[in-house]
Structures are given as C-alpha cells and as structure tokens.
2 protein chains.
Amino acid sequence: MNIQKFSEITNLSPHTIRYYEKIGLLRNIARNASGHRWFTEKELAWVEFIKRLKDTGMPLDDILKYADLREEGDSTSEQRMQMLQAHAMKLEEKIAEEQFHLQKLKEKIEHYSKLVELEVNA
Amino acid sequence: MNIQKFSEITNLSPHTIRYYEKIGLLRNIARNASGHRWFTEKELAWVEFIKRLKDTGMPLDDILKYADLREEGDSTSEQRMQMLQAHAMKLEEKIAEEQFHLQKLKEKIEHYSKLVELEVNA
DNA sequence: GCTTGACTTAGAGTTGACTCTAAGTTGTAG
DNA sequence: CTACAACTTAGAGTCAACTCTAAGTCAAGC
C-alpha cells in the first residue's frame, strides 16, 4: 500500500511516517517504480507495536534501541525481552499510581457535588 | 517557607515554581521584607492538586482554566466539578487502554521467554 | 499536453513543559 | 566588611515529538 493508505490504517500522518523512517524507527521500506514508499503487513505489525510502546510511555529513543536489537537478529531476543519486562513493570506501577490519582479525583468530585447541592437548595 | 523548602517538599525545582507563577498556575504568593516568595500550606495543597492533574495527563492550559474558575469563587464550583468529571472519565479510559496494552506486552514477553528457552536448550 | 494531486527531499518551525543564563539584590557566617 | 549562597527578574535555550515548507518529480484525467 502507499503512504496514504498506510497513514489511514495506522492513524499516523504521512509526515510522521516519514519522520519515523528518518529517525530509524522504520527501516528498509520498499519503493515502487517511481520511488514512492510501498508498505506491507510487515510494516503494519511493526508500527502497531511501536505505537503500543509509545502509548504506554516509552520514549522514541528507547524504541529505537529496541529496533536496533531487532535488526541484529535472534541473538538479541533475551535483551529485548528484558527491555519489555522492565517496561511492563514501569507500566504496572504507572497504572497503580493513576488508579490512586483517580480515586482522589473522585473524592474531590464528591466534595464538589455536595457543595453544588447546597447551592441549589439555598 | 521559602522557595527552597517549598521546592524540596513539592519536588518541583525553584525554576519550575517560578514558571508556574509566571503562567498563572500559582497566584498571589506572599513576599517577605526582602521581596522573596513566602509559601504556606495553602500553596502546598494547591500545588499537590496541580501535580495530580498534571500527572494524570491534564495539560497546563486546562489546569490554568481550572485556576481561573477557582479564583472566581463558589459560583464556578459546578463548572469545576464538570471539568474534573470529564477528566476522571478520560483517565478511566486511559487506564483501561493501558491495561490492555500491558496484557499485550505480557503476551509478547511470554513469546520471547519461550524463544529464549529454545535457544538455551539448543 | 497540461493541470492536478500525491508523492519525494532537506531542513526549518512549532508546541508543551520546562530549564537555564545573566545581571542584579539581599542575608548570614567568618 | 567582605565573601558567598540564595533570592530576584526578563528573556533565551532545550528537548521530545512532531509538523510544516519549499522545491521538485511523476502518473492519471481532461
């Protein structure tokens, strides 16, 4: 598929896709006869994985390191696993923290709702 | 307390504290005889709340809007409550999404751990 | 055969949230 | 009474992650 189609499916702008290629997140993208990028399922799966890492707070630099290891082949699978494990642990902590924040927010909202009730009945 | 002490307690750098004052997140901060900022429990509670909103992904611009409403007094409490409710809902969605991502990450880790096991036994 | 619109590139500009610099003032310790 | 650390300000610089611009190429429809 061309960059437009790929952009629609991945929900990344063509700009962002080229940017990801420029910084090395996307590599060895095929080109058609007129020099336009040609994407396949392979890129789709990889980009979805990049998005997962990014959306859970991993910086692009770290994702880049993962991409480097990935390119080196199977000998780096243990390293990659360790990266993911460390990241998963951080994510678990982050979720726990957010759940705590959420509870505090709900308490504040409860406080407001009582306040507003008082105003209405005044 | 002075800015140094306030910085230690809030875990924000003096730079950041001044920045927050400059953009209007912190207002009406008292000064001592020599013109230095003087913080109290009131600022502490407010800054902790700011941090909660920020740490759950609310942009400073939105927190600023909240600060504006807060300054207008009790008549805006319903609006503020609605802001918090909307934010809490988004946070709940975000947590759910992150939990989904976490599960997918764990599946990938599981996949790697099998791969690594194969390599070790090879 | 010419316009239109999608593609290409290198590189500049933007945004959010800081973070630092320079130049100056003040309060305390030696 | 002087050195020194902490404070003050306005404004410049940084960083991540885009996002856009300019200048150019190319295939398809009229």
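Chain A is the first sequence line, chain B the second, and so forth, proteins listed ahead of strands; every chain is numbered from 1.
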Separation of A/L60 atom CG from D/dC15 atom C1', in whole Å? 12 Å
When you measure only distances, ignoring hydrogens and angles, does the side chain of B/K54 come within 3.5 Å of the base of C/dG16 through a donor and an acceptor? no
Could you give the NE2-to-P distance, from A/H15 to D/dA22, as a whole number of Å? 12 Å
Tell me the interatomic distance from A/M1, atom CE, to C/dC7, atom C1', rounded to whole angstroms. 17 Å
Point-to-point distance, once rounded to the nearest 0.5 Å, from CZ of A/R70 to CH2 of A/W46: 4.5 Å
DNA chain D: A/K22 or A/S34, which has the more 5' nearest nucleotide? A/K22
Nearest whole Å is fine: how far is C/dC7 C1' from A/I29 CD1? 14 Å
For B/R18, which contact category applies under a 4.0 Å heavy-atom criterion: base, sugar-phosphate, or nothing? base
Does the pair A/D62/A/K65 count as a salt bridge with the N-to-O cut at 4.0 Å? yes
Using a heavy-atom cut-off of 4.0 Å across all strands, would you classify B/I3 as base, sugar-phosphate, or nothing? sugar-phosphate
Using a 4.0 Å heavy-atom cut-off across all strands, classify B/P59 as base, sugar-phosphate, or nothing. sugar-phosphate
Atom pair distance, as rounded to whole Å: OH in A/Y20 and C1' in D/dA17: 7 Å
Does A/N2 have a side-chain nitrogen or oxygen under 4.0 Å from the phosphate oxygens OP1 or OP2 of C/dC7? yes
Just how far, in rounded Å, is C1' of D/dT25 from CZ of A/R31? 13 Å
Walking DNA chain C from its 5' end, the first of A/P14 and B/S13 to be reached, judged by nearest nucleotide, is A/P14
Which nucleotide in D/dC18, D/dC7, D/dA16 has an atom nearest any side-chain atom of B/Q4: D/dC7
Length of the NE2-P vector between A/H36 and C/dT9, whole Å: 9 Å
Run the salt bridge (Lys or Arg N to Asp or Glu O under 4.0 Å) check on B/E8 and B/K5 step by step: do they pass? CA-CA 5 Å; B/E8 279 159 26; B/K5 193 78 206 300; 5.8 Å; no
Out of curiosity, A/I29 CD1 to A/K42 NZ, how far, rounded to the nearest 0.5 Å? 9.0 Å
Look at the side-chain N and O atoms of A/R37 and state whether any lies under 4.0 Å from the OP1 or OP2 oxygen of C/dT8. yes
Between P of D/dC7 and CD of B/E21, the distance in whole Å: 14 Å
So, taking the atom named OH in A/Y66 and the one named OG1 in A/T76, what distance separates them when rounded to the nearest 0.5 Å? 8.5 Å
